[in-house]
Structures are given as C-alpha cells and as structure tokens.
Amino acid sequence: MKAALCTSFDGYQSLDLADVAVPEPGAGQVLIRVQASALNFADSLIVKGKYQVKPPLPFSPGLECAGVVEAMGADVESCKVGQRVMAVLDWGGFAEYALATASDVYPIADNLDFTTAAAIPVAYGTSHHGLIVKAGLKAGETLVVHGAAGGVGLTAVEIGKRVGATVIATAGGPEKLAICKEHGADHLIDYREGGVREKIKELTGGLGAHVAYDPVGGDLFTETLRSTRQDGRILVVGFASGHIPQIPANIIMVKNITCIGYHWGAYRSLDPDALRASFAQLMGWIEDGSLKPHVSLTFNLDQVKEAYEALLSRKSTGKVVVKIRP
Ligand SMILES: NC(=O)c1ccc[n+]([C@@H]2O[C@H](COP(=O)([O-])OP(=O)(O)OC[C@H]3O[C@@H](n4cnc5c(N)ncnc54)[C@H](OP(=O)(O)O)[C@@H]3O)[C@@H](O)[C@H]2O)c1
C-alpha cells in the first residue's frame, strides 16, 4: 500500500511516499481501508518526536480517518466488514490502510461523505467532552474560544452555541472571524489588534467570561486569566502559539478560577464510555444540522507536505483533509 512515511524525527518536510505492507489486525484491532484522513496540529509534533506519543520509526502520521472496515481481529464484535466508519488512531492515517483499536471506531451515516467524516473525531470529540463534561459549560454562560477559526476552535464555537452559551470568538484577522460568525459566534475579537482582555470585559459587563477554551496559549493565556470571571473555568487545550504559559497561583486563588488541564486522547482509555456517549450526541447534532463540519482545504496523499504547510502557515480554517483515495 502507499503511505506517507516518517523515517526520522526531522519534521514533516522529510515525509516520503513509500510502498509498505498492509498491516494485519491483531486482537482488538480493526483494519480500515482509508478514504480520507484529517490533519491535526499534533501531526506536526509527532513527526518531530515532540508529541505525547513517540511511535517507533518508520511510521505514518495521521490521527484520525474515515473509510470502510476491511478486516478485524477475531475477537472484535463491534464492527462489520464493509461498514463505513470514522476512527481515532494512535497514528497511521496517511496511508491506504490503517489499524485502529475497536473502541476507537465509530459507524457513520450513509449520507456522510468520507472527507467530512474524517474531520470529525478529534476536533469535535475534544470540544464536546472538554466543554460539556470537563468544563461543565451551561446554557446562559459566556464562553470565550481562542483560535476560534482553527480545527478545535471552530468546533468549540459551534458546540458552545448548541449548548446555549453566548460565544465570544477570538482569531487572527477578519476573514477568520467571518468563518467564526458563520458558525454561530455572537461576538468577534481580532487578537492581532490587541486589547483582548479589555474587549472581553466590555462584552461581559465588566465581569469576564464564565468559561474560556484555549488551544493557543502564550500571551493570550495571560489575557484569558485576566478576563475570566470569579469562579470561572479555563480549559487548557493546547499551545498552537508554541509558548507554554506559566499559571500564577495567586491569580487563580484570588479569583477562584479553575484551570482544567485537558488531554482528550487520554479519555480513550480513561473513560471510553464517556467518549462513546459524546460521539452519539455529536453525530445526532451533525445529522440534525446543528453542527456543520468545516473542511477548508483538501489534498491528495502525494501532497501531504502541502497539507502540513497550509495548516502550519495558518492558511486553513476548520480542518485540512488528505484524500487518500479518489
Ligand atoms: N488537549 C487536547 O486534547 C487537544 C486536542 C486537539 C488539539 N489540541 C491542541 O490544540 C491546538 C490547536 O490544534 P488544531 O488542530 O485546532 O490546530 P489548527 O487548526 O492549526 O488551529 C490552531 C489555531 O491557533 C491559532 N494560532 C495562534 N497562534 C498560532 C501560531 N503561532 N501558529 C499556528 N497557529 C496559531 C491559529 O489561528 P489564527 O491564525 O486565527 O491565530 C489557528 O487557527 C494545538 O496545540 C493542538 O495540539 C489539543
């Protein structure tokens, strides 16, 4: 099979298309004939050996995919050969076949195309479980979403609205903010213009937001801390800015703020039932049109480096998807 192969931890530029053997599903595993795989920021870290998981070389990156079940381990009863599915992967999505753990494979509706389905698991999974279960977001609360036009950010905007929160979206530039508005954001802040803290305070009657969703980190995190209200919650999702902020304990003490460390992938083993419940609700919301998965750019497997470049140069909004087969 064709696969985008990482043979050294030198970053995405050294990925090469190669012919490798189709993997065999072992106990508890499902082999998926991949149609499309979505790119995540984490894919840029895993090929540098800087992600939580460091696969043995050589490997294919790609943390989520959609396709058709080709085969499975003898003990797997939750899937059928020929079933249309989406899946969360340890890695391996940028290849014609990928192995998934059976509990990470979710059936998809017949009318959901593979490109859209590939874009769902990580971003929607992270924002749904993160906002609803971890941060306890409720109707009537104000939610700030940073990096709101990005992969996880845009899903947080939509889920915040679906839950009944007022959503303040922050992003870099008017085009990105326009996408946030299309996906339901009530208020828009261009963080390139500065004054994020003051603008959030202004929009919340001086009180600050109840919940903040932060996949960007860096200086924006400090603004977040200053613009979260008494007894508010901050979901620490990621550091797309490349800067990991330090949390001043005095401020979170005085303001009774809860900073919630959040790594969604860990819940695949910590609480798979919670993720299954989360996806059941998400797929219902996608089917009834409350959520509209947004794929801004697609590439073919032999263009995987271009896909990375588009994501990392901040040209994409929502998700970037690599079509593995025509
Ligand atoms: N905790 C979890 O379980 C979990 C799950 C998924 C993702 N994440 C993390 O969340 C973050 C975002 O992931 P993603 O897949 O949504 O990425 P993405 O699609 O690239 O979105 C990241 C957004 O961050 C903003 N950004 C601000 N400064 C940036 C910089 N210096 N470089 C690049 N982007 C910058 C960009 O928006 P503007 O151009 O508008 O600023 C971009 O839209 C990553 O750190 C990722 O590892 C965490």
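All figures in this text were calculated on a predicted structure; none of them were measured in a lab. Atoms within each ligand, like the ligands themselves, are counted from 1 in listed order.
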Should [X] be counted as touching ligand 1, given the test is an N or O pair under 3.5 Å?
{"X": "G172", "value": "yes"}
{"X": "L312", "value": "no"}
{"X": "F239", "value": "yes"}
{"X": "V237", "value": "yes"}

Item to check | Donor-acceptor side-chain pairing of K2 and Y97 below 3.5 angstrom | outcome: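 No, no side-chain donor-acceptor contact under 3.5 Å.
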
Item to check | Any side-chain donor near an acceptor of the partner, Y308 and Q13, under 3.5 Å | outcome: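 On atom types as modelled, these side chains do not qualify, holding no pair under 3.5 Å.
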
Measure the distance from [atom] to every protein heavy atom, then report the residue, atom name and distance (to 0.1 Å) of the closest one.
{"atom": "atom 6 (C) of ligand 1", "result": "V152 CG1, 3.5 Å"}
{"atom": "atom 39 (O) of ligand 1", "result": "K176 NZ, 2.8 Å"}
{"atom": "atom 5 (C) of ligand 1", "result": "T126 OG1, 3.3 Å"}
{"atom": "atom 22 (C) of ligand 1", "result": "A240 CB, 3.9 Å"}
{"atom": "atom 36 (C) of ligand 1", "result": "R314 NE, 4.0 Å"}
{"atom": "atom 3 (O) of ligand 1", "result": "W264 N, 2.7 Å"}
{"atom": "atom 19 (O) of ligand 1", "result": "G151 N, 2.8 Å"}
{"atom": "atom 17 (O) of ligand 1", "result": "F41 CB, 3.5 Å"}

Between [X] and [Y], how do the two ring planes meet: parallel, tilted or perpendicular, split at 30° and 60°?
{"X": "W264", "Y": "F279", "value": "perpendicular"}
{"X": "H263", "Y": "Y51", "value": "perpendicular"}
{"X": "Y267", "Y": "H129", "value": "tilted"}

Checklist entry - In this structure, which one of E141, K255, K201, H210 forms a side chain to side chain contact (heavy atoms under 4.5 Å, CB included) with R229? => result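 Result for side chain to side chain contact (heavy atoms under 4.5 Å, CB included) with R229: H210.
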
Next on the checklist: Consider side chain to side chain contact (heavy atoms under 4.5 Å, CB included). Of T228, T258, I247, which one does I252 pass it with?
Outcome noted: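 Of all the options given, the one that passes is I247.
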
Number the atoms of ligand 1 from 1 as they appear, then name those within less than 4.0 Å of a heavy atom of [X], with their elements.
{"X": "Y262", "result": "1 (N), 2 (C), 3 (O)"}
{"X": "Y191", "result": "25 (C), 27 (C), 37 (O), 38 (P), 40 (O), 41 (O)"}
{"X": "L311", "result": "19 (O), 20 (O)"}
{"X": "H263", "result": "1 (N), 3 (O)"}
{"X": "G150", "result": "19 (O), 21 (O), 43 (O)"}

Checklist entry - Ring centres of Y213 and H146 under 6.0 Å apart? => result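 When the ring centroids of Y213 and H146 are compared, they turn out to be at least 6.0 Å apart.
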
Item to check | Of the listed options G153, P215, A171, closest to atom 10 (O) of ligand 1 (non-hydrogen atoms) | outcome: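 Looking at heavy atoms only, the winner is P215.
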
Side-chain ion pair, [X] and [Y], N-O less than 4.0 Å:
{"X": "K315", "Y": "E175", "value": "no"}
{"X": "K292", "Y": "E182", "value": "no"}
{"X": "R276", "Y": "D104", "value": "no"}

Next on the checklist: Is the shortest side-chain heavy-atom distance between L131 and L143 below 4.5 Å?
Outcome noted: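 Side chain of L131 against side chain of L143, heavy atoms only: contact under 4.5 Å found.
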
Item to check | Any G242 heavy atom less than 4.0 Å from ligand 1 | outcome: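 False for this residue.
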
